[in-house]
Asker: 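Take this structure first; my questions come after.
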Amino acid sequence: MLVLDQKLATLELKAKALDLGFDLCAIGPVAASPHADYFTKWLEQGCAADMESWMGRNPEVRKDPAVLLPEAQSLIVLGMNYYQPEPKRRGRIAKYALGRDYHDLIPQRLQQLDDWLSMQGGLQRKAVDTSAILEKPAAVTAGMGWQGKSTILIHPKWGTWMFLAELLTTLEFENDPQIKDHCGSCSRCMDACPTGAITAPYQLDARRCVSYLTIEHKGAIPVELRRAIGDHLYGCDDCLDVCPWNRWAQKTRETAFDPVPRPDLKEMLGWSDATFRNEFRGTPIFRLKRPRWLRNICVVLGNIGEMDDLPALWQAAEDPDPLIAEHALWAINEINGRMSST
């Protein structure tokens, strides 16, 4: 009878997760991360770049999520599809950041599931990506997919386009079977990386990653990597776009993630701090702040811009923020160099 009750409880949990807007719900044991040793080595090698101080916090939790809730019996991992076609405009934004900020939406849904579990008699600890839990290895443990050679989680139906969230609970549910690695000999993600940040299968050096450089990195983008950034304005989906497991990708059912219309790059280059805040409040891009956003615009215009972009860049070159001014001058030189060679 206990087995039957557990099976029914697991089905009810998964139905509740789907009703709350999650597309996947996987359950696994509360176990030490199989990637703990690699993660420690990755940090020691400096591959986390400026994120090292944050990524290195709470190492005991990263090694074993049970530290958060020693009485936990089950690890629940939730996935929410965010895929959508890319809008036609200059400057590419990673698909996860085209609409509203998932950090505002997913914790609310997670809290609702937490409340429901509490009504069943459970005690929970929840986490989104700001927690110390190594969420992709946790998702693998729970049977939600496997980590591909790009290090991104891959699900055989939903591909790579998943936001993840976790709940540790004292309630016990049926575990899902783990999914074996299906990457085989494919190396499309590694071949597609514009900066060679995927240094080997399953190994990523953030110091070269376009997503890191355009989002997390606070200083000047290394000159030797600027051309390779191409038209990536915020983040990079190149390794995801080429993954063959994304051939069945479906548009997200969450309207909050729908793309927000934006003006052209040269218009945004003239934005004040107040305009930037008003336009991007409630989106992932807001945390970038104006200087890094304009830095990124300058790099993109340096790579794809034309002569009629030069007036806006010259204005940016006079910005009191040296980060903006230096990247604007670089872009001007790049455009002039291209135009003179044609």
Side-chain angles (χ1 to χ4, degrees), residues 49-51 86-98 192-197 205-239 241 259-280 283-342:
D50 294 344
M51 301 180 290
E86 199 161 317
K88 300 294 183 183
R89 57 191 179 197
R90 292 203 302 173
R92 283 187 284 171
I93 296 173
K95 294 178 183 63
Y96 87 85
L98 290 170
C193 182
T195 56
D205 188 340
R207 292 169 294 189
R208 299 188 63 84
C209 178
V210 173
S211 286
Y212 165 76
L213 291 169
T214 58
I215 300 174
E216 302 295 341
H217 184 54
K218 294 179 174 61
I221 293 176
V223 174
E224 65 273 16
L225 295 176
R226 292 181 189 179
R227 289 183 179 178
I229 285 174
D231 65 342
H232 291 295
L233 188 59
Y234 181 96
C236 177
D237 287 334
D238 285 3
C239 63
D241 286 330
V260 177
R262 302 291 179 204
D264 187 64
L265 298 180
K266 60 185 175 184
E267 179 178 338
M268 290 190 286
L269 201 56
W271 280 359
S272 65
D273 282 335
T275 303
F276 172 87
R277 290 194 298 271
N278 290 336
E279 290 288 334
F280 286 119
T283 75
I285 296 173
F286 183 78
R287 61 187 289 265
L288 216 60
K289 300 183 180 177
R290 175 181 175 269
R292 278 189 281 168
W293 178 244
L294 267 59
R295 173 201 66 184
N296 293 352
I297 292 176
C298 289
V299 171
V300 169
L301 287 177
N303 291 324
I304 67 169
E306 300 176 349
M307 295 299 290
D308 60 0
D309 294 310
L310 289 176
L313 284 167
W314 276 116
Q315 182 178 352
E318 297 177 359
D319 195 279
D321 191 304
L323 186 68
I324 299 170
E326 186 272 315
H327 285 76
L329 287 172
W330 177 86
I332 291 167
N333 289 332
E334 290 293 296
I335 293 174
N336 284 332
R338 279 201 308 277
M339 296 300 109
S340 64
S341 63
T342 58

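Reckoned from all heavy atoms, side chains included, excluding hydrogens, waters and symmetry mates.
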Asker: Between T195 (side chain only) and R208 (backbone N and O only), is there a donor and an acceptor less than 3.5 Å apart?
Answerer: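 Side chain of T195 to backbone of R208: a pair is present.
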Asker: Donor-acceptor check, side chain of R338 to backbone of G305, threshold 3.5 angstrom: yes or no?
Answerer: yes
Asker: Going through the checks in order, is the salt bridge (charged side-chain N to carboxylate O under 4.0 Å, His left out) test met by K289 and D321?
Answerer: CA-CA 12 Å; K289 300 183 180 177; D321 191 304; over 6 Å; no
Asker: Once you round to the nearest 0.5 Å, how far does CG of N296 lie from NE2 of H232?
Answerer: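 Spacing of CG (N296) from NE2 (H232) equals 12.0 Å.
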Asker: So F276 and I285, do their side chains get closer than 4.5 Å, heavy atoms only?
Answerer: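 Side chain of I285 against side chain of F276, heavy atoms only: contact under 4.5 Å found.
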Asker: Would you say the side-chain atoms of R226 pair up with the backbone N or O of I221, donor to acceptor, closer than 3.5 Å?
Answerer: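 Here the side-chain-to-backbone pair exists.
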Asker: Tell me if a side-chain donor or acceptor on T214 pairs with a main-chain N or O of G235 at a distance below 3.5 Å.
Answerer: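 Side chain of T214 to backbone of G235: a pair is present.
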Asker: Output all residues satisfying side-chain contact (heavy atoms from CB on, under 4.5 Å) with S211, sequence neighbours left out; order by chain, then residue number.
Answerer: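 Applying side-chain contact (heavy atoms from CB on, under 4.5 Å) to S211 gives C209, C236.
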Asker: What do you reckon, is CD of E224 surrounded by more than 12 foreign heavy atoms closer than 6.0 Å?
Answerer: yes
Asker: Does D205 form a salt bridge (charged side-chain N to carboxylate O under 4.0 Å, His left out) with R207? I'd like the steps, not just the answer.
Answerer: CA-CA 5 Å; D205 188 340; R207 292 169 294 189; 2.9 Å; yes
Asker: State, yes or no, whether a side-chain contact exists between R227 and N303 at a heavy-atom distance under 4.5 Å.
Answerer: yes
Asker: Any donor-acceptor pair under 3.5 Å linking the side chain of Y234 with the backbone of P284?
Answerer: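 Checked: pair present.
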Asker: Side-chain contact, heavy-atom cut-off 4.5 Å: R262 with F280?
Answerer: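 In short, these two side chains touch, coming nearer than 4.5 Å.
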Asker: Give a yes or no on whether the backbone of K95 and the side-chain of D237 come within a donor-acceptor separation of less than 3.5 Å.
Answerer: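 Yes, because the side chain of D237 sits within donor-acceptor range (under 3.5 Å) of the backbone of K95.
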Asker: Do any N or O atoms from the side chain of H327 and from the backbone of W330 form a donor-acceptor pair under 3.5 angstrom?
Answerer: no
Asker: Partners of N333 by side-chain contact (heavy atoms from CB on, under 4.5 Å), sequence neighbours excluded?
Answerer: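 Checked N333 against side-chain contact (heavy atoms from CB on, under 4.5 Å); zero matches.
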Asker: Passes salt bridge (charged side-chain N to carboxylate O under 4.0 Å, His left out), D238 versus R92? Steps please.
Answerer: CA-CA 11 Å; D238 285 3; R92 283 187 284 171; 3.4 Å; yes
Asker: Quick check: are there more than 12 heavy atoms from other residues, nucleotides or ligands sitting under 6.0 Å from CD of Q315?
Answerer: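 Incorrect, the count does not exceed 12.
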Asker: Restricting to side chain to side chain donor-acceptor pair (under 3.5 Å), what partner residues turn up for D309, sequence neighbours left out?
Answerer: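 Checked D309 against side chain to side chain donor-acceptor pair (under 3.5 Å); matches are R90.
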Asker: Calculate, to the nearest 0.5 Å, the distance between atoms CG and CD1 belonging to L310 and I335 respectively.
Answerer: 5.0 Å
Asker: Working to the nearest 0.5 Å, report the span between NE2 of H217 and CG of L288.
Answerer: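 If we round to the nearest 0.5 Å, H217:NE2 and L288:CG are 11.5 Å apart.
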Asker: Is the backbone N or O of L323 less than 3.5 Å from a side-chain atom of R295, with the two atoms forming a donor-acceptor pair by type?
Answerer: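 Checked: no pair found.
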